[in-house]
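Read through the structure below, which is laid out as structure tokens, and then see the notes.
Naming convention: chains lettered A, B, ... in sequence-line order (proteins, then strands); numbering from 1 in each chain. Every heavy atom of this structure was used, including side-chain atoms; hydrogens, water molecules and symmetry mates were not.
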Protein chains: 2
Amino acid sequence: MNAQTPSVLARIDADLNQSLERLFALLRIPSISTDPAFKAECASAAAWLKADLAALGFEATVRPTPGHPMVVAHQKAASEGPHVLFYGHYDVQPVDPLELWSAPPFEPALREDETGSRIITGRGSSDDKGQLMTFIEACRAWKAVTGALPIKVSILLEGEEESGSPSLKPFLDANRDELTADVALICDTGMWDRDTPAITTMLRGLVGEEVEITCASRDLHSGFYGGAARNPIHVLSAIVAGLHDADGRVTLPGFYDGVPELPAEVQEQWRNLPFEESAFLGEVGLADPAGERGRSVLEQVWSRPTCEANGITGGYTGEGFKTVIASKASSKISFRLVGQQDPDKIRAAFRAYVRSKVPADCHVTFKEHGGSPAISLPVDGEWLGRARQALGAEFGRDAALIGCGGSIPIAGDFKRMLAMDSLMIGFGLSDDRIHSPNEKYDLASFHHGIRSWARIIGAFATSRG
Amino acid sequence: MNAQTPSVLARIDADLNQSLERLFALLRIPSISTDPAFKAECASAAAWLKADLAALGFEATVRPTPGHPMVVAHQKAASEGPHVLFYGHYDVQPVDPLELWSAPPFEPALREDETGSRIITGRGSSDDKGQLMTFIEACRAWKAVTGALPIKVSILLEGEEESGSPSLKPFLDANRDELTADVALICDTGMWDRDTPAITTMLRGLVGEEVEITCASRDLHSGFYGGAARNPIHVLSAIVAGLHDADGRVTLPGFYDGVPELPAEVQEQWRNLPFEESAFLGEVGLADPAGERGRSVLEQVWSRPTCEANGITGGYTGEGFKTVIASKASSKISFRLVGQQDPDKIRAAFRAYVRSKVPADCHVTFKEHGGSPAISLPVDGEWLGRARQALGAEFGRDAALIGCGGSIPIAGDFKRMLAMDSLMIGFGLSDDRIHSPNEKYDLASFHHGIRSWARIIGAFATSRG
């Protein structure tokens, strides 16, 4: 362990309440990136982070993009050392349905849950404001104790992660030299469980599509037209229903091209993980795996591609009843990709399939919502080894090397565009309800997270070899 | 023609602007029955009608029900004569999507449309406030010219027609003697076309159902759960898609029990109507009939049963994208019935079908939204003959005897509960956009409608035989 790390950890423990206050201030800003109504709030969150990083001695800037701005900050090391680029995102998911929140989503609080755990509540508490602040607080503790950082740290905080990161690649491309470091640290993933830290080395890719079917030129009375006029809800339902076969496989031609079978040794490792399918599903009120027949649940969520309708709407959806045949119906549909699946080919196959199902006198429009391939990171590098050791010291047990069903395309972008490996280390838990009402982050996640990054920073500073 | 009818018609022509002002006052009240938020406005519409009828010399009352109130009014004839019960409804459909209205729905106006026709715009202008006021204005003209009505008139105005009429049958049952007349006059239907009046003698029945599928106990992140967790949008889409087969027939077992084939002579009469399938569909931007293969469009909309999804919703439907697997998805589905189809049996078959498609670890709830069988009225009665003659005199061409795809269950209730025949005469046009944005009623419909009722009242007063 780095000689100064123990003092830094002590400082973190002493400063935890102040760390929480700072996180709460950031959580109070409703920086919902996907809804244009919250543009100013996204800018406020970026400005808040810039100010906080500047106060910590970073050269911090807010950098405009065609969408929401990036925050970029740099701080040199006390002496010669490695250079890391930390990535997080300050934007959050929308909060609807608002009525399911037991407290207002942008009024964070520290509460005790039904099991007695202390939790930080509010939108973004876990994804990703709580996570990104673990790293910033670790830097703060190092500065407070030693007056400097022991390694060179750059920080990149994005404001469009929840809306497909449209500005990210152009920004990386335009700022290659500034952003390239020895290794990237990405804090947007979870732990294996409450007691076991994890480093994520496999991530699924994502293709997002929105499809709108228009039949008649206006809404029709179902009494006068019902039976003769095409109903776009029927057309759309058939499209959604036809995306899977009876075995839970996606029906698009060529969909499974580039999907690898899991190596036997990885299958073996996953089988030995303390994981109960019935508990995983039971925690959310389900019992039967819904995915591809013959695959384990971990395979279904980590290593197999999927197709999900994330939203559907058409016709009258208010109180009571309205005998209308809608003019339009629409659905948001996403695909999770693995292996070498090509996002562009899958988008094209989806659109061809939809077009083949739309009657000749109706029409369809598509809207693209992001696309990224899956990524797989090396599991035997020097940085990963040091980080794993630091995590093991913090938690008293080995960090698991895991897959993740979510998509964090930036790790792939860092590799392809900046030739930089990433370490994905995060402290979220599966019951954090990210993207759902009543999102939370365990106080223990926040505290261990800060301490873990402090240890990792110290471990990276130690001379190599 | 009744000797006094010409003076009454002249009075109607002279009073048309005042008639319009009164209609506008009623149209300004947003009496949306299906949305609990508009309860007070429904009560206001009832109170307005009661006051107007009382001013006309009716014994008028507002009668509470468990839902929205009924307006009931009676006025004796000058001398011994027949007794008619007029029925209309003062409630209107919801107005969403509001952004598609070119003027606020509850600010009625007289405009010229693109063809130069003068139209009354606003929600309820055609369905049914404009229609019900044609009868009240005809009574007003008779009173103004002769000081009395030539027949005994009772009026029943309902406030729940657009939300399944839950209070109607109990109300008829509790007030049998008061409401039973020699014949009922129902003004909630349309003309054959702009120049040809019509009496509707066949109406489809209706079964309304709302189905909600719940899978997980909360919304899930599609990255972490996608592939393993059941998606209620997929379940619901398969249910909706499975309701029709490739020939456009409804798949529920027993659905076509009690559906009669159209008698050859009616088929023949319908074939001879000046009706172009391509124009009927083309007017709303469609080309191909979507219903049962091998049936004409008129059969599809008048004499065949249907199933339509009137609304569907689930997951994220706002701006942008959210990679969520929803906990719930729901759909409003209605069936139009013909012949002897039994609403209760069809509701039961639908629920059994849905339950058979819901996975074991998910669950479904149903909400009933009304049910009524189809009705077919006699075409050879004395009242129908007189009314047809009066309509012919007003329009200068014979009234067509037609079917209608909509459901007006009260005609069946009058027959079954009060042993009273109905005449369904209305002046709506197929382009009135009832239940849709920009509802309108032609000024000519309103004017001819008032004159037609004045003629019918006069024709009924003439001694029989």
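By the 30° and 60° cut-offs, the orientation of the rings of A/Phe280 relative to B/Tyr225 is parallel.
Using a 4.5 Å cut-off between heavy atoms, B/Pro97 touches chain A through its side chain atoms alone. Using a 4.5 Å cut-off between heavy atoms, A/Leu236 does not touch chain B at all. Both the backbone and the side chain of A/Thr323 come within less than 4.5 Å of a heavy atom in chain B. In this structure, chain A has no heavy atom under 4.5 Å from any part of B/Arg295. Neither the backbone nor the side chain of A/Glu368 comes within contact range of chain B, judged by heavy atoms closer than 4.5 Å. B/Ala326 does not touch chain A: none of its heavy atoms, backbone or side chain, sits under 4.5 Å away. Only the backbone of B/Glu162 has a heavy atom closer than 4.5 Å to any heavy atom of chain A. When heavy atoms are compared at a cutoff of 4.5 Å, B/Pro94 approaches chain A by way of both its backbone and its side chain. Neither the backbone nor the side chain of B/Arg304 has a heavy atom closer than 4.5 Å to any heavy atom of chain A. Of the two parts of B/Glu283, the backbone and the side chain both hold a non-hydrogen atom closer than 4.5 Å to a non-hydrogen atom of chain A. Proximity to chain A involves both the backbone and the side chain of B/Leu286, based on heavy atoms less than 4.5 angstrom apart. A/Cys362 touches chain B through its side chain: at least one heavy atom from C-beta onward sits under 4.5 Å away, while N, CA, C and O do not. Heavy-atom distances place the backbone of B/Ile333, and not its side chain, under 4.5 Å from chain A. With a 4.5 angstrom heavy-atom cutoff, B/Thr34 touches chain A via backbone and side-chain atoms both. Contacts of B/Pro36 with chain A are made by side-chain atoms alone, with heavy-atom separations under 4.5 Å and no backbone atom involved.
The closest donor-acceptor contact from the side chain of A/Asn438 to the backbone of A/Ser102 lies under 3.5 Å. With hydrogens and angles disregarded, no donor-acceptor distance shorter than 3.5 Å links the side chain of B/Lys332 to the backbone of B/His369. The backbone N or O of B/Ser33 lies less than 3.5 Å from no partner atom in the side chain of B/Glu160, so there is not a single donor-acceptor pair.
Listed by chain and number, the residues in a salt bridge (Lys or Arg N to Asp or Glu O under 4.0 Å) with B/Asp431 are B/Arg194, B/Lys440 (sequence neighbours excluded). In this view, A/Ser334 and A/Asn310 satisfy the side chain to side chain donor-acceptor pair (under 3.5 Å) rule, not counting sequence neighbours.
Listed by sequence position, A/Cys215, A/Ala216, A/Ser217, A/Arg218 are the residues of residues 211-218 of chain A in contact with chain B, using a 4.5 angstrom heavy-atom cutoff. Heavy-atom neighbours of chain B within the stretch residues 239-247 of chain A, taken at a separation under 4.5 angstrom, comprise A/Val240, A/Ala241, A/His244.
With chain B as partner, the option from A/Gly208, A/Ser436, A/Gly315 having the largest number of non-hydrogen pairs under 4.5 angstrom is A/Ser436.
The residues B/Arg123 and B/Glu439 are annotated as salt-bridged, a charged nitrogen and a carboxylate oxygen being separated by less than 4.0 angstrom.
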